A.B. asks: 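Sending over a structure as C-alpha cells; questions will come in a sec.
Please read all numbers here as calculations on a predicted model, not as lab measurements. Order of listing sets the numbers, starting from 1, for every ligand and every atom in it.
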Amino acid sequence: MPRGLFISFEGVEGCGKTTQADALVDWLKGKDIPVVYIRDPGGTDIGEAVRTILLDPEFRTMHAKCEVLLFLASRSQLTYEKIIPALSKRQIVVTDRYADSTLVYQAYARDLPGRLIAVFNRFATAGLKPDLTFLVDIDIARGRARGVFDDRMERESLLYHERVREGYLRLARKAKKRIKVLDGEKEVRSLNQEVIAHVKTIMARKGYTL
Ligand code: TMP
C-alpha cells in the first residue's frame, strides 16, 4: 500500500527552517490535505521530556555518547508513536529535523563513528527516511544574529557550528535527489515558493491530487 509523504527540514540555528516548515504546513492545511507536524527531538510526551534534558544548559557534562543515545531515544518514540501511523494512513508528515541532524551534529561535528551512528539511526527509525528534505543553509554568524541562542547545543562554539554546516553541505552533496539546499538568506516568501514547488512535484509523483 502506498504510504504518505514524509518531509523534513534541516539546518543550523537561525537558518529559518522552522518558519519554512510552518509555512508549508499552513499551505497544506489550506488545501485540506491531512498533515502531521512534529519536531525532533520532541513531538511526543516522552520525546519532549527527553528534549528538555538534551537542551538543558545545566547539563554541561553530558557525554557525547549519552547525547546521541538520547536524541535517538526521542526519535524512536516519535517514529513509532507518530510518524509510522500517520504515513500508513497516507497523511503527510512534516518534521522540523530528523535523522540527518544526528549524522551531522553528533557523528560529523563530534567525531563519533559515522557508520555506527547510521546503524543506530536505522534502528531508531525502522529504516524510515524522508522522501524530501529541505536544508536551509546560512552562514553561522548570520543565523546567530537572528535571535538569542542559549540552550545546551546552541552554546557550543562557533567552530562546532561551522562543522555542523559543513557536515550538512557534505550530506546534501551525497544525497542530491532527496536533499534540496535552500539559500537561507533569501526572503521568507521566495523560499516558501521554492519549498512549495518541490512539494508539488513530489506530491504529483506520489499520486496526490491538489
Ligand atoms: P531545534 O532547536 O532546531 O529544535 O533543535 C534542537 C537542537 O538539537 C539543535 O541545536 C540541533 C540539535 N540536534 C542534535 O544535535 N542532534 C539531533 O539529532 C537533533 C534532532 C537535534
A.B. asks: Assess Glu67 for proximity to ligand 1: is some non-hydrogen atom of it under 4.0 Å away?
C.D. replies: no

A.B. asks: If you measure only the distance, is there a donor-acceptor pair under 3.5 Å linking the side chains of Thr18 and Asp96?
C.D. replies: yes

A.B. asks: At what distance is the nearest protein heavy atom to atom 12 (C) of ligand 1, and which residue and atom is it?
C.D. replies: Phe71 CZ, 3.7 Å

A.B. asks: How long is the gap from CG on Leu70 to NE2 on His63, to the nearest 0.5 Å?
C.D. replies: 13.0 Å

A.B. asks: Counting each atom of ligand 1 from 1 as listed, which ones have a heavy atom of Lys17 under 4.0 Å away?
C.D. replies: 3 (O)

A.B. asks: In ligand 1, which numbered atoms sit nearer than 4.0 Å to a non-hydrogen atom of Gln106?
C.D. replies: 14 (C), 15 (O), 16 (N), 17 (C), 18 (O)

A.B. asks: Counting only heavy atoms not in Lys129, do more than 12 sit closer than 6.0 Å to its NZ atom?
C.D. replies: no

A.B. asks: Quick one about Glu67 and Tyr105 (side-chain donor to acceptor, distance below 3.5 Å, no hydrogens or angles considered), yes or no?
C.D. replies: no

A.B. asks: Within a 6.0 Å radius of atom OH on Tyr160, are there more than 12 heavy atoms belonging to other residues, nucleotides or ligands?
C.D. replies: yes

A.B. asks: Is the shortest distance from a heavy atom of Arg39 to ligand 1 less than 4.0 Å?
C.D. replies: no

A.B. asks: For Arg51, take its heavy atoms, then give the atoms of ligand 1 lying under 4.0 Å from any of them.
C.D. replies: 1 (P), 2 (O), 4 (O)

A.B. asks: In terms of side-chain geometry, is the basic nitrogen of Asp40 or Lys82 positioned less than 4.0 Å from the acidic oxygen of its partner?
C.D. replies: no

A.B. asks: Can you sort out which atoms of ligand 1 are near Asp40, meaning under 4.0 Å from one of its heavy atoms?
C.D. replies: 20 (C)

A.B. asks: Atom CZ of residue position Arg142 - does it have more than 12 heavy atoms of other residues, nucleotides or ligands inside 6.0 Å?
C.D. replies: no

A.B. asks: Is it true that the side chains of Ser8 and Thr133 contain a donor and an acceptor less than 3.5 Å apart?
C.D. replies: yes

A.B. asks: Using a 4.0 Å cutoff against the non-hydrogen atoms of Glu13, which atoms of ligand 1 qualify?
C.D. replies: 9 (C), 10 (O), 11 (C)

A.B. asks: Which atoms from ligand 1 have a heavy atom of Thr102 less than 4.0 Å away?
C.D. replies: 17 (C), 18 (O)

A.B. asks: So is there a nitrogen or oxygen of Arg97 less than 3.5 Å from a nitrogen or oxygen in ligand 1?
C.D. replies: yes

A.B. asks: Has Arg75 got any heavy atom lying under 4.0 angstrom from an atom of ligand 1?
C.D. replies: yes

A.B. asks: Looking at atom 7 (C) of ligand 1, what's its closest protein heavy atom, distance included?
C.D. replies: Leu55 CD2, 3.8 Å

